[in-house]
Number of protein chains: 2
Amino acid sequence: MSPVRVLLADDEHLIRGALAALLALEDDLLVVAEAASGPEALAMARAHRPDVAVLDLQMPGADGVSVATSLRAELPDCRTMIVTSHGRPGHLKRALAAGVRAFAPKTVSAQRLAELIRTVHAGGRYVDPELAADAISAGDSPLTAREAEVLELAGDGAPIAEIAERASLSQGTVRNYLSSAATKLGAENRHTAVRLARERGWV
Amino acid sequence: MSPVRVLLADDEHLIRGALAALLALEDDLLVVAEAASGPEALAMARAHRPDVAVLDLQMPGADGVSVATSLRAELPDCRTMIVTSHGRPGHLKRALAAGVRAFAPKTVSAQRLAELIRTVHAGGRYVDPELAADAISAGDSPLTAREAEVLELAGDGAPIAEIAERASLSQGTVRNYLSSAATKLGAENRHTAVRLARERGWV
DNA sequence: CGGGCCTCCTGACAAATGTCATCTCCGGTC
DNA sequence: GACCGGAGATGACATTTGTCAGGAGGCCCG
């Protein structure tokens, strides 16, 4: 049986190299390409057509989820999985929506990762139980689309006037949205609201 | 010549294991202990007395810098170095103040890391050039001690009243400090001021 | 077709925040 | 002793935000 062709994408050279070395020990896995950024990962995937793409969540250029989205469109036969350092519930949701087959934290062992690659290649799925529990307990976002959008624009502490301009809304509307979002999140002001929404993956 | 005894501390099992495997290939390096958290790293260091401790910056329990501080007190012969994913200028400053001998991002190659371990063991020092440039260009904090303290308390978006209470200051004083801090940082309000100060490592 | 929800808006009001001038007290320094 | 900067405070003021009430239009669903 031919080995599983794997693409590794992670901007941390240290980890990517080490990972490649460890996976090379498994004789049914073959690392055919490595990438250090989102765009590079896409280019490598086009060139080498891997069976499974192992993507880090945070990479320069484009993050793992957007790479997965592009891959799904361009190379439907390529299964994708995300490996990440800090998994927040929102990331998991976005990843699953993008058709990612597995989502695991970097606290897993290399042995386990190799198993996951095989599972994913065989068509299986996997989600880290702890992250899944977090995502479920976080529940669905109570925010409407616009509330979330405005909250996101408020992310870097910009004043209302700037948010209104960037969202092409009136200042009053922005304040109303922020107020209702803060109420829904149980926050005292929009800044803590932003923080809470981020923690729960709602922005 | 006896090999360099190395302690590896990183909460990401994947990376730690992979790293251990790669360093094992170097015949002058010997990984004598691994740890997945700050306290565990300290315990391991006490038990195995490594020559060099390679510490991740972000670990559960205690971060790399505080582990380095404790190690410096308990095992002065043990050299410490920090390896991190996202290096902010402030981290670098804190690390150097804690007596860390080397500070590198995880984007370095394993080969390079092995060299760094040797350098550190030989008494040398190393700082990633890019991080060093950032730290220098960020310059020294223009904030007074109290301004920085108040700014830090403002970090999670708490209202002035709460900051004043936690700092045992009058609300007016808090507002004055926040105002002057924001002016010094060129921010429009305290929230962006907090963000800027964090980016530059001044809090 | 009526009700409910979302999207926008306006206007008004209260509370929080930013800004400024000014004061005292203290420790250092010339 | 005079001067300066920082810590800490007060009071006044303008601006920004948060909150509430309400209105108009649109969409979907029973």
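The chains referred to below are lettered A, B, ... by the order of the sequence lines, with proteins before strands, and numbering in each begins at 1. When reading the values below, keep in mind they use all heavy atoms of this one structure, side chains included, and skip hydrogens, waters and symmetry mates.
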In B/S/- notation (B base, S sugar-phosphate only, - none; protein heavy atoms under 4.0 Å), nucleotides 13-25 of chain C written 5' to 3' is ----BBBBB----

List, with names and distances, any nitrogen or oxygen atoms from the protein found under 3.5 Å away from nitrogen or oxygen atoms belonging to nucleotides 27-29 of chain C.
none

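Checked for salt-bridge contact, A:D128 and A:R112 miss the test: no charged N lies under 4.0 Å from a carboxylate O. Note on B:E199 versus B:R195: salt bridge recorded, some NZ/NE/NH1/NH2 to OD/OE distance being below 4.0 Å. No salt bridge links A:R49 with A:D77; every basic N to acidic carboxylate O contact stays at or beyond 4.0 Å. Remark: A:R118 engages A:D28 in a salt bridge, criterion side-chain N to carboxylate O under 4.0 Å.
In this structure, the side chain of B:R16 engages the main chain of B:D10 through a donor-acceptor pair within 3.5 Å.
If you take CZ of A:R146 and P of D:dG26, they are 16 Å apart, rounded to a whole angstrom. Here D:dA7 presents its P atom at 11 Å from CG of B:L143, a figure rounded to the nearest Å.
Here the shortest heavy-atom pairing between B:H121 and B:D51 reads CD2-CB, 3.6 Å. In terms of heavy-atom proximity, B:L71 sits nearest to B:A45 at CD2-CB, 3.5 Å.
Proximity note for A:T144 (side chain, C-beta onward) versus C:dT7, D:dA7, C:dC9: the nearest is C:dT7.
Neither side chain, B:N176 nor B:T173, offers a donor N or O lying under 3.5 Å from an acceptor on the other. Between the side chains of B:E147 and B:S180, at least one donor N or O sits under 3.5 Å from an acceptor N or O.
Contact annotation: the side chain of B:E40 never approaches that of B:M59 to less than 4.5 Å [non-hydrogen atoms, C-beta and beyond].
For the helix from C:dC1-D:dG30 to C:dC30-D:dG1, the rotation axes defined at the first and last 5 base pairs enclose an angle of 30°, given to the nearest 10°.
For the OP1/OP2 pair of C:dC8 and a distance below 4.0 Å, the side-chain nitrogens and oxygens of A:S170 include no atom meeting the criterion.
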